[in-house]
Amino acid sequence: PCNGTNTMKNKYLIVTWLTISTVLSMLTTTGNALEYNQLIPEKSQITFVSKQMGVAVTGEFKKFSADIALDPQNLAHAQAKIYVDIASIDTGNVPANQEALGANWFDITHFPTAKLQTINIKALAPSKYLATTKITIKGKTTDFAIPVTLTENAGVATIDGSFILRRRDFSLGEGSWADLETVANEV
């Protein structure tokens, strides 16, 4: 909140997951504290690479939202929740997209949203952090430690991070897709 002695400034934040690139804006100042807290979807992305029969398959989730409060100088109060609209998956192949939405994969009838939530963010070195998170997909939650970098330049901050997700931990690819020779476990 701003009072008579505080001012509002606009800044942007970009984040990367799985590989995630998320842009946030609306930097609120309280005294000298800066907080990034608004997602800019058109400058953000969540991408993935899996292997099917040894061949890399790339894709992305085109729709997601976030509730984020990040002050790089006050990480004890930093928090982020990223909500992914699973129906927005795009593998570049319509039949593959439709298969991914079904019960053997994401089962969007019962689980339309995936969620990443930070538990803790720790500074490791200048511009380098470790985000301890919980990720929920298809009703299953797993802890992840995600190394991220934060770069600020001309009113834009970019956070980039990526990690390996094991699809079987989330019951992704069941039935005839359970064979790890067909689709690798690591995404």
Side-chain angles (χ1 to χ4, degrees), residues 1-2 6-30 33-50 56-75 77-101 105-106 108 111-119 121 127-138 144 146-165 167 170 172 187:
C2 290
N6 296 328
T7 60
M8 297 285 284
K9 295 182 182 177
N10 287 324
K11 291 238 180 187
Y12 300 91
L13 177 66
I14 304 173
V15 185
T16 308
W17 167 36
L18 213 42
T19 304
I20 298 179
S21 280
T22 311
V23 179
L24 305 176
S25 93
M26 197 54 202
L27 180 64
T28 308
T29 62
T30 306
L34 305 175
E35 182 178 277
Y36 298 97
N37 59 20
Q38 186 177 357
L39 175 70
I40 301 176
E42 64 274 10
K43 295 191 179 209
S44 305
Q45 63 181 0
I46 298 176
T47 61
F48 60 87
V49 177
S50 64
V57 177
T58 60
E60 68 179 313
F61 292 96
K62 293 188 170 202
K63 293 182 184 175
F64 50 94
S65 61
D67 296 323
I68 298 178
L70 175 63
D71 172 358
Q73 303 304 314
N74 186 5
L75 295 176
H77 292 75
Q79 58 183 352
K81 293 179 185 172
I82 299 174
Y83 305 93
V84 180
D85 178 356
I86 298 300
S88 73
I89 194 170
D90 184 1
T91 64
N93 179 294
V94 173
N97 295 346
Q98 292 169 341
E99 180 68 32
L101 300 178
W105 287 93
F106 286 102
I108 67 162
F111 308 102
T113 305
K115 180 172 114 178
L116 177 147
Q117 178 175 352
T118 59
I119 304 304
I121 300 174
S127 302
K128 300 210 179 288
Y129 301 87
L130 185 65
T132 303
T133 68
K134 290 192 176 293
I135 297 178
T136 303
I137 301 172
K138 203 173 176 183
F144 285 86
I146 304 171
V148 296
T149 58
L150 170 68
T151 309
E152 295 180 90
N153 184 16
V156 175
T158 303
I159 294 179
D160 290 307
S162 61
F163 60 95
I164 294 173
L165 178 145
R167 67 181 181 91
F170 298 96
L172 298 173
V187 178

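Nothing here was measured: the structure is a model prediction, and the numbers come from that model.
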* Closest heavy-atom pair and its distance - I82, A66 -> CG1-CB, 4.1 Å
* How long is the gap from CZ on F111 to NZ on K138, to the nearest 0.5 Å? -> 7.5 Å
* List in chain and number order the residues that pass side chain to side chain donor-acceptor pair (under 3.5 Å) with Q79, two or more places apart in sequence or in another chain; answer none if no residue qualifies. => none
* Minimum heavy-atom separation for A80 to I68, with atom names? -> CB-CG1, 3.8 Å
* Inter-residue atom distance T113.OG1 - I137.CD1, 0.5 Å rounding -> 11.5 Å
* Could you tell me which non-hydrogen atom of G161 sits nearest to which non-hydrogen atom of V148, and how far apart they are? => CA-CG1, 3.9 Å
* So how far is it from I146 CD1 to D160 CG, rounded to the nearest 0.5 Å? -> 12.5 Å
* Output all residues satisfying side chain to side chain contact (heavy atoms under 4.5 Å, CB included) with I86, sequence neighbours left out; order by chain, then residue number. => F61, V84, L101, F106, I108, A114
* With sequence neighbours excluded, residues passing salt bridge (charged side-chain N to carboxylate O under 4.0 Å, His left out) with K81 -> none
* Who pairs with Q98 by side chain to side chain contact (heavy atoms under 4.5 Å, CB included), at least two apart in sequence or on another chain? -> V94
* Asked: Could you state the interatomic distance from CG (L116) to OG1 (T136), rounded to the nearest 0.5 Å?
  -> 9.0 Å
* Output all residues satisfying side chain to side chain donor-acceptor pair (under 3.5 Å) with T118, sequence neighbours left out; order by chain, then residue number. => none
* Asked: In Å, rounded to the nearest 0.5 Å, how long is the span from CD1 of I46 to OG of S88?
  -> 8.0 Å
* To do: Just jot down the ring pair (Phe, Tyr, Trp, His ring centres under 6.0 Å) partners of F144, sequence neighbours excluded, or say none.
  => F163
* Taking the side chain as C-beta and beyond, is there a heavy-atom pair between F64 and S44 under 4.5 Å? -> yes
* List for me each residue that meets side chain to side chain donor-acceptor pair (under 3.5 Å) alongside N93, sequence neighbours excluded, and say none if there are none. => none
* Partner set under salt bridge (charged side-chain N to carboxylate O under 4.0 Å, His left out) for K62, not counting sequence neighbours -> D90
* **Over all atoms of both residues, closest heavy-atom pair of W105 and R167** => CH2-NH1, 3.8 Å
* To do: Could I get the full list of salt bridge (charged side-chain N to carboxylate O under 4.0 Å, His left out) partners for D85, not counting sequence neighbours?
  => none
* Asked: What pairs with S50 under side chain to side chain contact (heavy atoms under 4.5 Å, CB included), at least two apart in sequence or on another chain?
  -> V57, V187
* Closest non-hydrogen atom pair, N97 against G92 -> OD1-N, 4.2 Å
* Asked: Does some side-chain heavy atom of F48 sit less than 4.5 Å from a side-chain heavy atom of I89?
  -> yes
* First locate atom NE2 of H77, then atom CG of L70, and finally report the distance between them rounded to the nearest 0.5 Å. => 13.0 Å
* Asked: Is there a side-chain contact between Y129 and T149 (heavy atoms, below 4.5 Å)?
  -> no
* With K134, which residues qualify under side chain to side chain donor-acceptor pair (under 3.5 Å), at least two apart? -> D143
